[in-house]
Amino acid sequence: MGKALDGVRILDFTHVQSGPTCTQLLAWFGADVIKVERAGAGDITREQLRDIPDADSLYFTMLNHNKRSVTIDTKNPEGKLVLEALIQKCDVLVENFAPGALDRMGFTWERIQELNPKMIVASVKGFGPGPYEDCKVYENVAQCVGGSASTTGFDDGPPVVTGAQIGDSGTGLHLALGIVTALYQRTMTGRGQKVLAAMQDGVLNLCRVKLRDQQRLERTGVMKEYPQYPNGTFGEAVPRAGNASGGGQPGWILKCKGWEHDPNAYIYFITQAPVWVKICNVIGKEEWATDPEYATPTARLPRLKEIFAEIERWTMTKTKFEAMEILNKYDIPCGPILSMKEIAEDDSLRKTGTIVEVDHPVRGKYLTVGNPIKLSDSPTDVTRSPLLGEHTDEVMAELGYSREQIEALRTVGAI
Ligand code: COA
């Protein structure tokens, strides 16, 4: 079966995490992704957080599946010519260098357009145009400037960054959408365009509900679904909401059997309004179903702490999986707090290709996260990440270089 992006060639000038997650997705959808790296070194993540000496790290392998790797020194005059040939052959150039690096290399937007007017140039940067546009940015910086850190954690503690890589992988996802959209527009205009996904913007997009709450707070001075209500105080800015899920369906993380020794023996429990009566029955508080102090979502808001404490008395008598099984029977939304160990061992995730085992010639077998987006006509086969420069000769031959020319370029350090 063909793949959705068959025939699309990506010049992958990305490194670390944000850019590589984007191009990995495009590769999974069938694009030919040619990763350009510096000879001898390559993407810095190849050697970061290594768990096996001299083997590409899991950091690198898990972000660079289904790609080809070529080495080119793009600051070497002859290396630049090879890059030019690639620009002429590819549809999209994706990069996430520090601001200005591509220009300093001599590959400005204007120069790229001269070489290939159909070329789409897609960039991840830390910030969009403005006072911080020249700054280098990593994941946690993006979480801090995008509104995530100030709204994550508990009210009596400092801001907290989340384990979800919303700055890097989140922005990579945004960029991938921008690229396929630009490819679609190109089918009508015949022209390339610039695509920019700034990490601050990507994080803020994922924190949209907190900007909603900021405006609600400014208008009403209080947010009744937040744990600060009714006994705490609200300041000028949206506070950290702990584990509250907000809205008309309040939720919280509750202890389950074994919490004393297992840090993940917890369940997320949502007191969804339509199943309130069932919740009362399950936890043995049948009287709350009709008591006007508890029977409606509005009446419950000032009593959420007491209500969750009562529900927790019930969840503590069950393991998180027993609680999940019982609650699911009554359509009560809940979710066990799964550890990475439990997720890695989950058979159902392996069956759907969400967790995949990959074999690598140097490091052997390892687990990775497969494509989270499933297309019925374009299934994903995850193949291992390339060794540094593994496809240099193959790609150079496709560009029309002879064996002798390839050797000569290697001798002068251009590839
Ligand atoms: N041949 C020759 N030179 C190359 C090359 C190649 N194949 N590939 C990269 N380089 C050069 C670049 O031209 C640049 O040179 P310059 O500084 O002289 O212009 C240099 O390598 C380093 O690139 P840079 O992007 O500055 O790397 P860094 O390690 O200093 O910074 C980041 C890393 C992530 C902070 C930075 O790239 C950045 O802010 N990126 C945008 C935001 C982003 O994606 N952040 C998240 C990363 S997960």
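Just follow the structure's listing: the first ligand is 1, and inside any ligand the first atom is 1. All values derive from a computational prediction rather than experimental measurement.
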Run the salt-bridge test on Lys365 and Asp359 with the 4.0 Å N-O cut-off and return the result as yes or no.
yes
Indicate yes or no: does Lys305 engage Glu310 in a salt bridge with an N to O separation below 4.0 Å.
no
Could you list, one pair per line, each nitrogen or oxygen of ligand 1 together with any protein nitrogen or oxygen closer than 3.5 Å, giving atom names and the distance rounded to 0.1 Å?
{"from": "ligand 1", "atom 1": "1 (N)", "to": "Thr74", "atom 2": "N", "distance (Å)": "3.0"}
{"from": "ligand 1", "atom 1": "1 (N)", "to": "Thr74", "atom 2": "OG1", "distance (Å)": "3.1"}
{"from": "ligand 1", "atom 1": "7 (N)", "to": "Ile72", "atom 2": "O", "distance (Å)": "2.9"}
{"from": "ligand 1", "atom 1": "15 (O)", "to": "Lys75", "atom 2": "NZ", "distance (Å)": "2.9"}
{"from": "ligand 1", "atom 1": "18 (O)", "to": "Lys75", "atom 2": "NZ", "distance (Å)": "2.7"}
{"from": "ligand 1", "atom 1": "19 (O)", "to": "Arg104", "atom 2": "NE", "distance (Å)": "2.7"}
{"from": "ligand 1", "atom 1": "19 (O)", "to": "Arg104", "atom 2": "NH2", "distance (Å)": "3.1"}
{"from": "ligand 1", "atom 1": "21 (O)", "to": "Arg38", "atom 2": "NH2", "distance (Å)": "3.0"}
{"from": "ligand 1", "atom 1": "25 (O)", "to": "Ala98", "atom 2": "N", "distance (Å)": "2.8"}
{"from": "ligand 1", "atom 1": "30 (O)", "to": "Lys136", "atom 2": "NZ", "distance (Å)": "2.5"}
{"from": "ligand 1", "atom 1": "37 (O)", "to": "His15", "atom 2": "NE2", "distance (Å)": "3.0"}
{"from": "ligand 1", "atom 1": "37 (O)", "to": "Asn96", "atom 2": "O", "distance (Å)": "3.3"}
{"from": "ligand 1", "atom 1": "37 (O)", "to": "Ala98", "atom 2": "N", "distance (Å)": "3.1"}
{"from": "ligand 1", "atom 1": "39 (O)", "to": "Val137", "atom 2": "N", "distance (Å)": "3.3"}
{"from": "ligand 1", "atom 1": "40 (N)", "to": "Asn96", "atom 2": "O", "distance (Å)": "2.9"}
{"from": "ligand 1", "atom 1": "40 (N)", "to": "Phe97", "atom 2": "O", "distance (Å)": "3.4"}
{"from": "ligand 1", "atom 1": "44 (O)", "to": "Ser18", "atom 2": "OG", "distance (Å)": "2.9"}
{"from": "ligand 1", "atom 1": "44 (O)", "to": "Asn96", "atom 2": "ND2", "distance (Å)": "3.0"}
{"from": "ligand 1", "atom 1": "45 (N)", "to": "Val137", "atom 2": "O", "distance (Å)": "2.7"}

Ser378 side-chain N/O to Leu375 backbone N/O, donor-acceptor pair under 3.5 Å
no
Does NZ or CZ of Arg46 lie under 6.0 Å from the centre of the six-membered ring of Phe60, at an angle within 45° of the ring axis?
yes
Any Lys/Arg nitrogen of Lys67 or Asp32 sitting under 4.0 Å from an Asp/Glu carboxylate oxygen of the other?
no
Is the side chain of Tyr266 donor-acceptor paired with the backbone N or O of Lys320 at a distance under 3.5 Å, no angle test?
no
